[in-house]
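Below you'll find the structure, written out as structure tokens, and then a few comments.
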Amino acid sequence: MNTTARLSTLAMATALLLGHALPADAAVQRFDGRYNASYKGISATARMTVTPASNGNWMYLMTLDHMVASLSQATVFQERGNHFLPLGGSDKTSYASIKRSITTRYDWANGQVRWTGDVKPSRTGPVRLQSGDMDALLINLALARDVPAGRPLSYRMVENGRARQMNYSVVGRERITIDGKAYDATKVSQGTAAKQTLAWVVAGIPAPVKLVQRENGSDTITLQMTSWSH
């Protein structure tokens, strides 16, 4: 796998893993988080931001920077009660002269979502939308909100031309250190022994503080929070 493919995989996994954590029943808030990232020996830095957009909407943006590539994923969404409603999304990769861009378009009036741009024909959709559907970024936004509240961690994700169920469970508690300070974190897991996603959430910190993707018992992707602010 070349550097571009590896970094694209890291960006996708980061989107699946990372989310903006909120206190139970709290409204969306501004957030700016910084992370160190690693994928099979490739080191990078990641940044997550949640900022107000037009018409009362919000923008959730993830960027990943490496010395030879840049990647970004973004979702515009609304907060409606306990739901995060995706309105549109983008996924961009830039590496030397190679550029890749995919746009996600939600048509809630007709109950469909489609993908355009540099996407395989089999992954363009449409996929039938259901109430409560979210993309990968928003599922993790909900996950980070729901873990401290002790809520069920079951979501339906629409991503990359398909829909699938994502069920997480609490698997323990650990001490996590951020910028020299130790915190008590709740550890949650999704998947099987063959492919597993782990996230550590600390109540009061607006994002998961550590994230790991594991395949066949070995860590392939690790993200560690280094700082955050509102």
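All heavy atoms count here, side chains included; hydrogens, waters and symmetry mates do not.
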Which pair of non-hydrogen atoms, one from [X] and one from [Y], has the smallest distance, and what is that distance?
X      : Y      : answer
Gly132 : His83  : CA-ND1, 4.0 Å
Leu129 : Asp107 : CD1-O, 4.1 Å
Arg128 : Gly111 : CD-O, 3.2 Å
Ser154 : Gln165 : OG-NE2, 2.9 Å
Asn167 : Tyr155 : OD1-N, 4.4 Å
Pro121 : Thr124 : O-OG1, 3.1 Å

Within the distance-only criterion (no hydrogens, no angle test), does the side chain of [X] pair as donor or acceptor with the backbone N or O of [Y] below 3.5 angstrom?
X      : Y      : value
Asp118 : Ser101 : yes
Glu79  : Val28  : yes
Arg34  : Thr226 : no
Trp200 : Asp184 : no
Thr220 : Gln213 : yes

Considering the options Leu137, Asp135, Leu138, which one meets the side chain to side chain contact (heavy atoms under 4.5 Å, CB included) requirement together with Phe77?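 With Phe77 as partner, Leu137, Asp135, Leu138 yield a single side chain to side chain contact (heavy atoms under 4.5 Å, CB included), made by Leu138.
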
What is the distance from atom [atom1] of [X] to atom [atom2] of [Y], rounded to the nearest 0.5 Å?
X      : Y      : atom1 : atom2 : result
Lys210 : Thr222 : NZ    : OG1   : 6.5 Å
Asp91  : Ser72  : CG    : OG    : 7.0 Å
Ile221 : Arg214 : CD1   : CZ    : 12.5 Å
Ile176 : Lys187 : CD1   : NZ    : 9.0 Å
Thr93  : Leu71  : OG1   : CG    : 4.5 Å
Leu64  : Arg47  : CG    : CZ    : 13.5 Å

Is there a side-chain contact between [X] and [Y] (heavy atoms, below 4.5 Å)?
X      : Y      : value
Trp108 : Pro86  : yes
Asn36  : Thr45  : yes
Met48  : Tyr35  : yes
Ser227 : Asp179 : no
Ser189 : Tyr168 : no
Val170 : Thr186 : yes

Does one hydrophobic cluster hold both [X] and [Y], with members joined at side-chain heavy-atom distances below 4.5 Å?
X      : Y      : answer
Val147 : Phe31  : yes
Val202 : Leu198 : yes
Val188 : Phe84  : yes
Met157 : Leu87  : no
Leu61  : Leu223 : no

Donor-acceptor pair between Trp115 and Thr104 side chains, under 3.5 angstrom: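 The answer is yes; a qualifying pair exists.
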
Under 3.5 Å, is there a donor-acceptor pair linking the side chains of Tyr106 and Asp133?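 Checked: Tyr106/Asp133 side chains show no N/O donor-acceptor pair below 3.5 Å.
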
Of all residues at least two apart in sequence or in a different chain, which pass the ring-ring contact (aromatic ring centres under 6.0 Å, His included) check with Trp228?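 Applying ring-ring contact (aromatic ring centres under 6.0 Å, His included) to Trp228 gives His230.
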
Assess the residue pair Gln29 and Val50 against the criterion (side chain to side chain contact (heavy atoms under 4.5 Å, CB included)); give the C-alpha distance rounded to whole Å, side-chain angles, the decisive distance to 0.1 Å, and a yes or no. CA-CA 7 Å; Gln29 304 173 32; Val50 176; over 6 Å; no

